[in-house]
Protein chains: 2
Amino acid sequence: MFFLKDLPSRQMLENYKKRFPEMSVDHVGAGLKLLRHASILLRRIETYFAGHKLSQTRFLILVVLDREGKGGGLLAKEIAGKLDISRPIVTNTLKSMKEMGLLTICPHADDGRAKWITLTEAGREKLGTVLPDYYSIIHNFMIHEAEEL
Amino acid sequence: MFFLKDLPSRQMLENYKKRFPEMSVDHVGAGLKLLRHASILLRRIETYFAGHKLSQTRFLILVVLDREGKGGGLLAKEIAGKLDISRPIVTNTLKSMKEMGLLTICPHADDGRAKWITLTEAGREKLGTVLPDYYSIIHNFMIHEAEEL
DNA sequence: GCAGCATGGTTACCATGCTAACTAAGCCTG
DNA sequence: CAGGCTTAGTTAGCATGGTAACCATGCTGC
């Protein structure tokens, strides 16, 4: 996360460019703004999720499972791939989400190593509960605080 | 961090909008891209820093201390404020950075509670070593992977 | 068909962030 | 100047991320 409140001024970047002329003041300036904006938005979303006993990762697991439709599911491995997170954290997060009743974990029929993950009705409902405000947090942030991007 | 590889398609957002018309497909779509791009860039920067025994937070502490100029310094409290991170993590991070020889921690002359933090020469050098590639990672990312922002 | 490699998942351990509760020092008010 | 509030920093405990090393199962090629 990147929470530096005072980004380097244009002047500071210009000075820096004198030493390293291959750098573009505009691009680096935009990159720093990107990092700061996203960090603020991420923090806001995490705070919102905390009130629903969710986290960014738990939420995204609900999303990818929901995309498989009713009756569909995914292997733990596939979830790690779609979310680009490490397998151990998938194991942990799935375990806690199972305890919360959001999903089920079954041994896979064809492959004794794999686990078959499906959403429960409660999981699907949870996602439906959380989505509107999730989108609205992003919507409001983009409208009111990130116009200059 | 937000690492969902396949962002919701425009179609999915349109469908969602039918239920919640106050949402803007464009703004939410842009917000999701913002989150994903920044997460990728953040991860890349953290990987780079790891090779220098730094982290985003350690690096930003070097930056704000360097801004105070030679002979200048900051209170731990001020660092927490400028970086927008919690005081406990400042305590921890400063301790490890002191052990690395990047900065000094002295009791403050006028206030027995406060700690006065200054960069060492090694700290200033470390920042100088790391900055060019830091900017160049951001520069390249913005040019090659985030044009559509 | 069994030895050895590949693959899915888990365990153990570490780093980094948070909040809550604590200590110690400064200040302020009766 | 004593009691109580405020402030700076630390400690303790939790959550979430990562990598490395480890099982257990599946696959492959001699």
Side-chain angles (χ1 to χ4, degrees), chain A residues 1-4 38-40 42-61 73-100 103 105-117, chain B residues 1-4 35 38-40 42-61 73-100 103-117:
Chain A
M1 303 289 264
F2 179 91
F3 282 126
L4 185 63
S39 294
I40 292 171
L42 276 169
R43 185 182 268 181
R44 203 161 300 171
I45 290 171
E46 286 289 355
T47 303
Y48 166 63
F49 281 153
H52 291 270
K53 303 240 195 273
L54 288 180
S55 65
Q56 190 71 252
T57 299
R58 285 183 188 165
F59 169 73
L60 291 178
I61 289 177
L74 290 168
L75 302 183
K77 162 78 188 276
E78 296 174 310
I79 293 177
K82 283 174 187 295
L83 263 49
D84 219 354
I85 55 179
S86 64
R87 279 167 304 153
I89 200 67
V90 172
T91 299
N92 277 338
T93 311
L94 289 179
K95 210 171 109 191
S96 67
M97 290 176 77
K98 181 189 164 185
E99 274 155 25
M100 294 166 72
L103 46 78
I105 307 180
C106 305
H108 190 270
D110 299 338
D111 186 338
R113 297 166 300 179
K115 299 288 176 70
W116 183 243
I117 317 294
Chain B
M1 302 291 265
F2 179 91
F3 282 125
L4 185 63
L35 291 175
S39 294
I40 292 170
L42 276 168
R43 184 181 267 182
R44 203 160 299 170
I45 290 170
E46 286 289 355
T47 304
Y48 166 64
F49 281 153
H52 290 271
K53 302 239 195 277
L54 288 180
S55 65
Q56 190 71 254
T57 299
R58 284 182 188 166
F59 168 74
L60 291 178
I61 289 176
L74 290 168
L75 303 183
K77 162 76 188 276
E78 295 173 312
I79 292 177
K82 283 174 188 296
L83 263 49
D84 220 353
I85 55 179
S86 64
R87 280 165 304 152
I89 200 66
V90 172
T91 298
N92 277 338
T93 311
L94 289 179
K95 210 172 110 192
S96 68
M97 291 176 77
K98 181 187 164 186
E99 275 154 24
M100 294 166 73
L103 46 78
T104 58
I105 307 180
C106 306
H108 190 270
D110 299 338
D111 186 338
R113 297 165 301 180
K115 299 288 176 71
W116 182 243
I117 318 294

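Small disclaimer: the values here were computed from a predicted structure and weren't measured. Reminder, nothing fancy here: chain letters follow the sequence lines and each chain counts from 1.
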_Would F49(B) and S55(B) count as a side-chain contact (heavy atoms from CB on, under 4.5 Å) here? Give the steps._
CA-CA 5 Å; F49(B) 281 153; S55(B) 65; 5.6 Å; no
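The main-chain N or O of L54(A) is never found under 3.5 Å from a side-chain atom of H52(A) such that the two would form a donor-acceptor pair. Checked by atom type and distance alone, the side chain of R58(A) pairs as donor or acceptor with a backbone atom of K53(A) at under 3.5 Å.
Residues meeting the ring pair (Phe, Tyr, Trp, His ring centres under 6.0 Å) test with F3(A), sequence neighbours left out: none. With sequence neighbours excluded, no residue forms a side chain to side chain donor-acceptor pair (under 3.5 Å) with R43(A).
Contacts with DNA chain D (heavy atom under 4.0 Å) in residues 46-54 of chain B: none are found.
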*Produce a footprint string for nucleotides 2-13 of chain D: one letter per nucleotide, 5' end first; B if the base is under 4.0 Å from any protein heavy atom, S if only the sugar-phosphate is, - if neither.*
-----BBBBB--
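Within the model, atoms CD1 of I105(A) and NZ of K98(A) stand 5.5 Å from one another, a figure rounded to the nearest 0.5 Å. Distance check: I61(B) CD1 to F59(B) CZ gives 12.0 Å after rounding to the nearest 0.5 Å. Distance check, rounded to the nearest 0.5 Å: CD1 of I45(A) to CG of L35(B) gives 5.0 Å. L75(A) contributes atom CG, which lies 11.0 Å from atom NZ of K115(A) (distance to the nearest 0.5 angstrom).
Extent of DNA chain C lying under 4.0 Å from chain B heavy atoms, first and last nucleotide in 5' to 3' order, is dT16(C) to dG26(C).
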Which donor-acceptor pairs under 3.5 Å do side chains of residues 80-94 of chain B form with protein atoms, sequence neighbours excluded?
residue, atom, partner, partner atom, Å
T91(B), OG1, R87(B), O, 3.4
T93(B), OG1, I89(B), O, 2.6

